[in-house]
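Reviewing the structure listed below.
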Amino acid sequence: MSEQQEARSALLAARYARANDAVTTIAAPLLASGGVALIGVVSADEDKFRWPGPALLLVTLATILLVSCVQWGFRARPYLYSMADVEQQHGGALTVEQHERYVHQHALDIARWQRTTALADASYTAGLIALGLGVALVLAPPTGGTHVGWRWTAFAAVLLAVAMEAAWTLLERGDLALRAWQRRRRLRQARAANTSNG
């Protein structure tokens with residue numbers, strides 16, 4: 001990998017880390033608390049909703065997934081640090097032996113951070129989709145309810161937003177999988193070229 005690619009990769013990792021922190025410390029907790037409030041509302045006035053049972057189930061699952069996102073983010077965060085952080089903790093520059101040891105440990109910790117934040121991301125996305133579906137069910141008007149047209153329109157709008165979120169996630173995951181496959185293919189080709197040259 002060239003220096004320019006390494007610099008870009010480090011910059012993207014830092015941006016992703018900030019975005020992940022925002023999701024796990026701000027967005028997910030706010031959405032989970034909204035889910036808890038919605039559970040209380042639907043439980044108290046079941047007769048005002050068309051499908052209170054399925055709505056409660058979906059909102060409860062969403063709340064669990066969003067809290068799981070917060071927990072995965074919390075568990076991942078200690079593994080994200082820089083070598084500058086290590087040097088600062090040791091009060092200055094590391095010896096060559098310390099540097100080699102910490103570089104190896106740093107690579108292991110970053111890999112662990114990536115795996116754990118992937119779980120936080122999956123929990124967040126699944127929580128968003130479950131919450132959206134639960135909200136859609138809450139919006140569906142009961143038989144004989146008022147504002148039927150408006151509520152069905154809101155129901156459809158939320159379902160559209162959920163479908164867009166699911167599509168976006170699938171496209172993003174597909175893009176990441178394609179890039180990983182291409183990266184592995186390039187590595188195999190480079191190894192094959194080195195083997196044939198050596």
Side-chain angles (χ1 to χ4, degrees), residues 12-81 109-177 180:
L12 289 174
R15 288 179 180 166
Y16 177 76
R18 283 194 300 274
N20 186 268
D21 279 349
V23 163
T24 59
T25 61
I26 298 169
L30 285 172
L31 290 168
S33 63
V36 170
L38 190 54
I39 290 168
V41 168
V42 174
S43 296
D45 285 328
E46 288 183 18
D47 59 318
K48 292 188 170 73
F49 303 99
R50 180 176 286 263
W51 300 300
L56 284 170
L57 175 62
L58 283 167
V59 175
T60 300
L61 289 174
T63 303
I64 291 167
L65 288 164
L66 292 165
V67 170
S68 296
C69 171
V70 173
Q71 289 298 96
W72 284 119
F74 171 76
R75 283 173 172 48
R77 194 60 180 95
Y79 297 102
L80 180 64
Y81 58 89
D109 288 343
I110 290 297
R112 187 167 183 182
W113 173 79
Q114 289 172 331
R115 286 190 306 272
T116 311
T117 55
L119 292 170
D121 286 349
S123 294
Y124 182 73
T125 301
L128 275 180
I129 290 170
L131 184 60
L133 292 173
V135 167
L137 294 182
V138 166
L139 289 168
T143 304
T146 58
H147 308 292
V148 174
W150 292 108
R151 287 182 71 169
W152 280 122
T153 303
F155 171 85
V158 172
L159 285 184
L160 177 63
V162 168
M164 289 171 59
E165 175 64 26
W168 177 267
T169 300
L170 290 174
L171 287 171
E172 184 179 63
R173 298 285 183 248
D175 185 48
L176 291 174

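Numbers here are sequence positions counted from 1.
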Find out whether V59 and V42 are in side-chain contact, i.e. whether some heavy atom of one side chain is under 4.5 Å from a heavy atom of the other.
no
side-chain hydrogen bond (donor to acceptor under 3.5 Å, both in side chains) partners for R77, two or more places apart:
D21
Check whether any side-chain heavy atom of R151 sits under 4.5 Å from a side-chain heavy atom of P142, and report yes or no.
yes
If you look at every heavy atom in V70 and T24, which pair is closest and at what distance?
CG2-O, 3.4 Å
Does any part of the side chain of T25, heavy atoms only, come nearer than 4.5 Å to the side chain of P29, both counted from C-beta?
no
Let me confirm one number: the CE-CG distance from M164 to L171, rounded to the nearest 0.5 Å.
11.5 Å
Rounded distance [0.5 Å steps], CG in L159 versus CH2 in W152:
9.5 Å
If you round to the nearest 0.5 Å, how far is OG1 of T116 from CH2 of W72?
6.5 Å
What distance separates T117 OG1 from I110 CD1, expressed to the nearest 0.5 Å?
9.5 Å
If you take all heavy atoms of S43 and L56, which pair is closest and at what distance?
OG-CD2, 3.6 Å
Please determine whether the number of non-hydrogen atoms from other residues, nucleotides or ligands lying under 6.0 Å from atom CH2 of W150 exceeds 12.
no
Just do the side chain to side chain contact (heavy atoms under 4.5 Å, CB included) check on L58 and L131 with the steps written out, would you?
CA-CA 6 Å; L58 283 167; L131 184 60; over 6 Å; no
For L30 and I26, what are the C-alpha separation, side-chain angles and deciding distance, and is it a side chain to side chain contact (heavy atoms under 4.5 Å, CB included)?
CA-CA 6 Å; L30 285 172; I26 298 169; 4.0 Å; yes
Measure the CG-OG distance between L38 and S33 for me, rounded to the nearest 0.5 Å.
11.5 Å
Between CG of L128 and CG of L66, what distance do you get to the nearest 0.5 Å?
6.5 Å
Quick one: which residue pairs count as a side-chain hydrogen bond (donor to acceptor under 3.5 Å, both in side chains) with a foot in residues 119-145, not counting sequence neighbours?
Y16-D121, N20-D121
Heavy-atom closest pair, residues V138 and A55
CG2-CB, 3.8 Å
Looking only at atom types and distance, does a side-chain atom of R50 sit under 3.5 Å from a main-chain N or O of P141, one as donor and one as acceptor?
yes
Restricting to side-chain hydrogen bond (donor to acceptor under 3.5 Å, both in side chains), what partner residues turn up for R75, sequence neighbours left out?
none
